[in-house]
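Presented below is the structure to which this report refers.
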Amino acid sequence: MADAAPALERFLASVELKAYRIAELGTGHREDALELVQESMFALVRRYADRPEQDWKPLFYRILENRIRDWHRRRKVRDLWQGWIGRRDADGEADDPVQALPDPRGGGPERETATRQQTERMLCALGRLPRRQQQSFLLRAWEGLDTAQTARAMGCAEGSVKTHYARALQALRGALGEEEP
Amino acid sequence: MSGEEQRRIEEQAREALDRSVETLPPGVRARLAEARREAIAGRGRAAPRGWLLPAGGLAAAALAAARWIALPGAGIPGGIEGDFELLLSEDSLDLVENLDFYLWLEEEGPHAG
């Protein structure tokens, strides 16, 4: 297992940024997203370091998705409790994930503004997707998992992944179409 | 939806997501790298769960309140107590993940592990 350390580190380095963004889209909270990714890293290393490397990605995302799901359950109960006692948690509000994004391709202020707006529209549309649709789309279209791996990561049948994915595409098309000038 | 339209949406999404990752603040990148190093260095121990601690304390109070309120005629839905139990159990995540793992092993057969 000690020999797995370099490979594990390479794997985690390869997924950590995307995993963070997925967690942030899934929760809307930067700090919580960081903690969920950290916990997922620890869980993967602690339990599955001796698994074949090709299993790490679906396992890691399965762990992360479990954490996000439990985060929502805890959040729901916490909000309910706070509602009862008449106070609201003012911290932890989501920061705009694309706020102040520079355009790495340059091209002047107009181009930069257009690119930023396009990025913002897409991220907002992704953020509004129902969780299962969001999961299936992010894991398949962005993380590159195939349908079977996505099904493992989401804990559902491959047919369900295809359904969620198709609905996500429809929702994105609708959302982006509505906002286009 | 046509295949071309699907590919266009997928490509737009990938570009937006890639760009959002490329421009992540250095502080976020540093914390992720630190978490990765700690995970590798600290194999065998659980991750610190700072955010769970206040939630756990809050949940303990909430569970006590729920049990008290959930008397005949009180307004709390009975099923919600299960959620409070979840809040109280820091091991629940581990349990869920192990269950997943065993289910996966069963599906994968002898080559799974």
Side-chain angles (χ1 to χ4, degrees), chain A residues 1 5 8-9 12-13 16-18 20-21 30-32 34-35 37-39 41-51 55 59 62-63 66-67 70 73-74 76-78 80-81 84 97-98 101-102 104 115 118-123 126 137-138 141-142 152 155 166 169-170 172-173 176, chain B residues 1 5-6 9-10 12-24 28-29 31-52 55 58-59 61-62 65-66 69 76 80 83-84 86-87 92-94 96-98 100-101 103-104 107-108 112-113:
Chain A
M1 183 154 141
L8 272 168
E9 177 140 22
L12 292 176
E16 65 193 19
L17 299 180
K18 286 186 176 180
Y20 166 74
R21 184 59 86 202
R30 282 187 175 181
E31 283 300 315
D32 289 351
L34 278 167
E35 294 209 21
V37 172
Q38 181 182 27
E39 290 171 11
M41 289 178 171
F42 271 73
L44 181 86
V45 171
R46 188 169 70 250
R47 296 206 184 88
Y48 304 120
D50 55 351
R51 299 275 296 171
D55 287 352
L59 273 171
R62 179 61 180 269
I63 295 167
N66 283 342
R67 304 277 170 171
D70 286 337
R73 293 186 69 182
R74 287 190 171 86
K76 181 180 171 186
V77 175
R78 188 169 61 178
L80 178 60
W81 171 248
W84 285 349
V98 292
L101 279 178
T115 305
Q118 188 178 25
T119 301
E120 186 171 3
R121 272 201 306 272
M122 178 57 80
L123 292 182
L126 286 167
F137 188 84
L138 291 174
W142 194 33
R152 286 178 190 167
L169 281 169
Q170 293 288 350
L172 289 174
R173 182 175 71 166
L176 298 172
Chain B
M1 182 184 302
E5 190 176 16
Q6 176 175 334
I9 292 173
E10 290 168 342
Q12 282 182 2
R14 277 192 288 269
E15 284 180 5
L17 289 161
D18 286 344
R19 187 160 179 267
S20 76
V21 162
E22 289 166 7
T23 52
L24 278 176
V28 170
R29 290 172 175 270
R31 288 181 62 183
L32 288 168
E34 183 183 356
R36 179 200 340 135
R37 287 192 293 269
E38 286 182 3
I40 299 294
R43 278 186 292 175
R45 62 183 173 84
R49 290 178 181 169
W51 69 281
L52 289 179
L58 186 61
I69 293 171
I76 186 171
I80 203 169
D83 289 333
F84 287 118
L86 175 73
L87 274 164
S92 60
L93 296 170
D94 298 354
V96 168
E97 286 158 16
N98 281 328
D100 294 338
F101 173 64
L103 287 172
W104 189 7
E107 289 172 6
E108 293 290 305

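Computed from heavy atoms alone, side chains included, the values below leave out hydrogens, waters and symmetry copies. Just so we're clear, the structure is a prediction, and the values are computed from it rather than from any experiment. Here is the naming used below: chain letters follow the sequence lines, and residue numbers restart at 1 for every chain.
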B/Glu34 versus chain A, the contacting section by heavy-atom distance below 4.5 Å: neither
A/Leu17 portion near chain B, given a 4.5 angstrom heavy-atom threshold: both
Any residue meeting side-chain contact (heavy atoms from CB on, under 4.5 Å) with A/Glu9, in chain and number order, not counting sequence neighbours: B/Arg36, B/Arg37, B/Ile40
Note, B/Glu10 side chain near A/Leu169 side chain (heavy atom, < 4.5 Å): yes
Toward chain B, the part of A/Leu44 with a non-hydrogen atom under 4.5 Å: neither
Qualifying residues under salt bridge (charged side-chain N to carboxylate O under 4.0 Å, His left out), relative to B/Arg29, sequence neighbours excluded: none
A/Gln170, part contacting chain B, at a heavy-atom distance under 4.5 Å: both
Backbone N/O of B/Ser20 and side chain of A/Arg21: donor-acceptor pair under 3.5 Å: yes
